[in-house]
Amino acid sequence: AALFETQRPAFRAQLARLAAVVGRRGRVLEVGSHVGGFLAAAADDGWEAEGIDVNADAVGFARGMGLRVSVATLEGYEGAPGFDAVALWS
């Protein structure tokens, strides 16, 4: 929970840059969502955010926070197409 609360505000600057590049807030897929800090910040900022991660425990935590995230790899992702941006963080 502490990591989630730390990540959420830290991603706000990234979202401002992402909105500037995309030109608007829209749909974003995060690859490697972990506990969902970016997804929560994106939802707070008006994005329709969805994530994927290979770690089932992290996905379970993120889902428990009310976030849309699936256990999947990018190659195995079977969700709806049509994202305005894809986010990958190191």
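We number each residue from 1, following the sequence as shown. Computed from heavy atoms alone, side chains included, the values below leave out hydrogens, waters and symmetry copies.
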Can you list everything that forms a side chain to side chain donor-acceptor pair (under 3.5 Å) with Gln14? Sequence neighbours excluded, please. Arg17
Taking only residues at least two apart or on different chains, which pairs with a member in residues 35-56 satisfy ring pair (Phe, Tyr, Trp, His ring centres under 6.0 Å)? Phe11-Phe38, Phe38-Trp89
If you measure from the Lys or Arg side-chain nitrogens to the Asp or Glu carboxylate oxygens, is any gap between Arg25 and Asp45 under 4.0 Å? yes
According to salt bridge (Lys or Arg N to Asp or Glu O under 4.0 Å), does anything in residues 58-67 pair up with another residue at least two apart or in another chain? List the pairs. none
Among residues at least two apart in sequence or on other chains, which ones pass side chain to side chain donor-acceptor pair (under 3.5 Å) with Asp57? none
Cluster check Leu15, Met65: I/L/V/M/F/W/Y, side chain < 4.5 angstrom: yes
Test your reading of the model: is there a side-chain donor-acceptor pair from Arg8 to the backbone of Leu39, 3.5 Å cut-off? no
Return the minimal non-hydrogen interatomic distance between Ala72 and Ile52, and the atom names on each side. O-CB, 3.9 Å
Provide the closest heavy-atom pair for Leu18 versus Ala85 in the form atom of the first, atom of the second, distance. CD1-CB, 3.9 Å
Only counting residues at least two apart or in another chain, list the ones meeting side chain to side chain donor-acceptor pair (under 3.5 Å) with Asp84. Arg24
ILVMFWY cluster, Leu3 and Val59 together (side-chain gap under 4.5 Å): yes
Please find the pair of heavy atoms, one from Val54 and one from Val71, that lie closest to each other, and give the distance. O-CG1, 4.2 Å
Linked, directly or transitively: Val22 and Phe83 (ILVMFWY side chains, under 4.5 Å): no
Side chain to side chain donor-acceptor pair (under 3.5 Å) with Glu50: which residues, sequence neighbours excluded? Arg68, Tyr77
Residue pair Gly51 / Ser33: nearest heavy atoms and the distance that separates them: CA-OG, 3.1 Å
For Leu67 versus Val35, what's the shortest heavy-atom pair and its separation? CD1-O, 4.4 Å
Side chain proximity check, Glu30 to Leu88, heavy atoms < 4.5 angstrom: no
Would you name the heavy atoms of Ala62 and His34 that are closest together and state the gap between them? CB-O, 4.1 Å
Linking I/L/V/M/F/W/Y whenever any side-chain heavy atoms sit under 4.5 Å apart, do Val21 and Val28 land together? no
